[in-house]
Amino acid sequence: MLGTLNRRLLEFIAASPSPFHTVDTVSALLEQDSFTPLSPNEPWQLQPGGRYYFTVNGSSLIALRIPEGTPTGFTMSAAHSDSPTFKLKEHPQTTAAGHAYVQLQTERYGGMLMASWLDRPLGVAGRVLVEKQGRIISRLVHLDQDLAVIPSVAIHMNRAANDGFKYNAAVDTLPLYGVGGDAPSVLTLAAENAGVAEKDIVGHDLYLTCRTRGTVAGGDDSLLLAPRLDDLSCAFGCLEGFINADSSHAITVYCLFDNEETGSQSKQGAGSTLLRDTLRRTAFSLGMDEEGYQRLLSSSFLVSADNAHAKHPNHPELSDSQNAPILNGGVVIKYNANQHYTTDGVTAALMRSICRIAEVPVQVFANRSDMAGGSTLGSIANTHMPVRTVDIGLAQLAMHSSYETMGSADLPYLVEAMTTLYSKSLCVDNDGSLYWA
Ligand code: ZN
């Protein structure tokens, strides 16, 4: 049994083969729910009760719900729109002359498990920029067809293949696109798909996509398999909660950031001032001054939502013995003493309180103490904006594979928790005690 939420997640993932498509998909869902697009270069005149969103670079998005009364703070979540993949280079393919094979020219985007990209049908998605009558226009491209494959070297030619193999991205992972020179070029197909003339293309951001469809698996349907579960499962789960929530006394904020997989250091990444600038602009548009904005921040809460490593069935020794989540165990709170995850005792307590109200089980993640773990949005965003923040995620296996595994029961837990969170506002008493109202 797929279940309605899992089915909708798989549709969301299929419609979101690149960060640009993810933002487009989320924008459409927000507009269905009466959210109005804001223009960054026009004055913002936000109204009590209003619902707004805007996009940055076509690959990041921030949505806002303004309460009817005086706002008490910001209740926020942040997930990321990108996933590790291969990006096509500016000259994206070899020419056939003197070479029977036509290959795509790619470079790595993010830190993927390279072997998982081999021996499976691959598509291409992203955007092209075209110049028409002096104007530069962006068009989405989704070549949703079996276009290329990265073939393994046969075992007979590499007897050590099963003993560990070091992949060289300049040699081993170039996709095979055709044989001979008869096929239309990938840019010709992109132009057709975008409905533009190829000669008008003046720029592109195109990526390989894993075309294997998501599915429920396991003898008991307990598994959910799909590409890009990191982090589209959190992007979707947080969006559901954001849209479904009752009105809150806080300004509720949904963020989708690009470039998490490369460290968030871009103008549309969590490492930019984008979120801080947006919150300030929101407060000022509602008639507050700098002190009013700072007061809002002091009663705000951010959930940084990015998936967590589940204990691996074949390698439980890679996880901490006591702090390792499993699939279908509920929302995972992620900890790191060195603040690569932002969670501390206070923010964990606040998140546990939300999950208790939502009747959602909570589990925890910490790395083995002799392993360096990852980092994610929360701690990077905090460097620009001091707000109580917790890192959470859904437990998953094979993170950064082209085809990942999570539990089929976990998404509803995240949606319940986020719906509850987005219906609440954080209150801070003069004695320092905290509570949700
Ligand atoms: Zn992630």
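Ligands are counted one by one from 1 in listed order, and the atoms in each one are counted from 1 as well. This one's a predicted model, so the numbers in the text were calculated from it and none came from an experiment.
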- prompt: If you leave out waters, which protein N, O or S atoms are less than 2.8 Å from the Zn ion (ligand 1)?
  reply: His80 NE2, Asp230 OD1, Asp306 OD1, Asp306 OD2

query: Roughly how far, to the nearest 0.5 Å, is the NZ atom of Lys334 from the OG1 atom of Thr342?
result: 9.0 Å

query: Under 6.0 Å between the ring centres of Phe54 and Tyr52?
result: no

field: Smallest separation among heavy atoms of Asp410 and Ala395, with atom names
entry: OD2-O, 4.4 Å

Tell me which donor-acceptor pairs under 3.5 Å the side chains of residues 355-364 have, and how far apart each pair is, sequence neighbours excluded?
{"unit_1": "Gln363", "atom_1": "OE1", "unit_2": "Ile326", "atom_2": "N", "d": "3.0"}
{"unit_1": "Gln363", "atom_1": "NE2", "unit_2": "Ile326", "atom_2": "O", "d": "2.9"}
{"unit_1": "Gln363", "atom_1": "NE2", "unit_2": "Gly330", "atom_2": "O", "d": "3.2"}

query: Are any non-hydrogen side-chain atoms of Asp230 and His80 less than 4.5 angstrom apart?
result: yes

- prompt: In terms of heavy-atom contacts, does CZ of Arg108 have more than 12 from other residues, nucleotides or ligands at under 6.0 Å?
  reply: no

